[in-house]
Protein chains: 2
Amino acid sequence: MDEIDFNILSELQENARLTMIELGRKVGLTSPTVTERVRRLEEQGVIKQYTTQVSAEKLGRHVTAYILMEPKDCKQYVQFAASHPDVIECHRIAGMYSYLTKVVTETVHTLEAYIDSCLTLGKPTTLIVLSSPVANSPIQPVKSTSE
Amino acid sequence: MDEIDFNILSELQENARLTMIELGRKVGLTSPTVTERVRRLEEQGVIKQYTTQVSAEKLGRHVTAYILMEPKDCKQYVQFAASHPDVIECHRIAGMYSYLTKVVTETVHTLEAYIDSCLTLGKPTTLIVLSSPVANSPIQPVKSTSE
DNA sequence: CCTGAAAAACGACACGA
DNA sequence: TCGTGTCGTTTTTCAGG
């Protein structure tokens, strides 16, 4: 894990569909060499997945909310959240409440329906997202991650 | 926007580096056809970005937290958050507090440092992530997004 | 880590349901 | 209009050095 690897990760976070020739050009290597480095980063688990960000708006989902949840039964709530198509993330947290769940849903009415089903499982507190000044900023290495 | 497009989006959310031939095979089309569909999805803004998920752990960032923030000056706080390398997301919210900020940092000590700098800008409430039962679940279309 | 050749995939065009 | 088939070019892969 040297600086070239960091540059590779930075470029791939920006555009996962770069060809190895383009990527090599950006980091100063030839395509077979950079291909081998990418293969190792995948193998080590540094690269977890190549994914595509799609517009929730364009898919008819206009409302994003975070829901703080104090469930009666944790396992039951996780099962509910994991199987619900509107749930994008669900985090177990320390501090206030037990879970923080990110929901991307069609309208305030479908959000209401989601909250209603939550009410049978515990006590939800809803935070509706108005805008996102920072969205999915790339992760940078901390300093010497030499392994 | 028909069902084939939904399948394309689903496949690309799982693996953004699929070749057009592989993608075509998965959705039942030949490569020129699926290439044209992908081009249109990009043009329409349905596909926003091809990105790579990297392991925060492997890059030396072991602590994830959400911070609810009540800043004295909103613009000042957004500027601070946007320029801080540990901030991955920052959302303006309605409900309790004004901002919800996702921070991925090295240790509890670097988190403490982040919170300290927040304290000069307002009143933060920290929620440390213990685990994530649901992480970045793909977005599915809602029903008839015919445009 | 680079070079070079074979195999595969990409992009563009003309054609057909 | 949308999908198919083909050709020339680019990219990937794998042999070496």
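Every chain is numbered from 1 and lettered A, B, ... according to where its sequence line falls, protein lines coming before strand lines.
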Counting C-beta onward and ignoring hydrogens, is there a side-chain heavy-atom pair between [X] and [Y] closer than 4.5 Å?
X        : Y        : answer
B:Tyr77  : B:Cys118 : yes
B:Leu9   : B:Ile47  : yes
B:Thr120 : B:Phe80  : no
A:Val34  : A:Ile8   : yes

Check this for me: does any side-chain nitrogen of one of A:Arg39 and A:Glu42 sit under 4.0 Å from a carboxylate oxygen of the other?
no
Test: B:Lys102 and B:Asp86 ion pair at under 4.0 Å
no
Please confirm whether the shortest side-chain N or O distance from A:Thr30 to OP1 or OP2 of C:dC1 is below 4.0 Å.
no
Indicate whether OP1 or OP2 belonging to D:dC2 is found under 4.0 Å from a side-chain N or O atom of B:Thr33.
no
Give every donor-acceptor pair under 3.5 Å between a side-chain atom in residues 91-100 of chain A and any protein atom, sequence neighbours left out.
unit_1, atom_1, unit_2, atom_2, d
A:His91, ND1, B:Ser132, OG, 2.7
A:His91, NE2, A:Glu89, OE1, 2.7
A:His91, NE2, B:Tyr66, OH, 3.2
A:Tyr97, OH, A:Thr125, OG1, 2.9
A:Ser98, OG, A:Glu70, OE2, 2.8

I want to verify a distance call: between D:dT4, C:dC1, C:dC2, whose nearest atom is closest to the A:Ile4 side chain?
C:dC1
Any base atoms under 4.0 Å from A:Arg39, or only sugar-phosphate, or nothing? Heavy atoms, all strands.
nothing
To the nearest Å, how far apart are [X] [atom1] and [N] [atom2]?
X       : N      : atom1 : atom2 : result
A:Leu23 : D:dT10 : CG    : C1'   : 16 Å
A:Leu29 : C:dC2  : CG    : C1'   : 10 Å
B:Asp2  : D:dT1  : CG    : P     : 16 Å
A:Ile8  : C:dC1  : CD1   : C1'   : 13 Å

N/O-N/O pairs, protein side and nucleotides 7-11 of chain C side, under 3.5 Å:
unit_1, atom_1, unit_2, atom_2, d
C:dC10, OP1, B:Met20, N, 2.9
C:dC10, OP2, B:Met20, N, 3.2
C:dC10, OP2, B:Ile21, N, 3.3

Residues A:His62 and A:Glu106: side-chain donor-acceptor under 3.5 angstrom:
no
Decide whether A:Thr19 and A:Glu22 meet the rule of one side-chain donor and one side-chain acceptor closer than 3.5 Å.
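Present: a donor and an acceptor within the cut-off.
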Protein-nucleotides 15-17 of chain C N/O pairs under 3.5 Å:
none

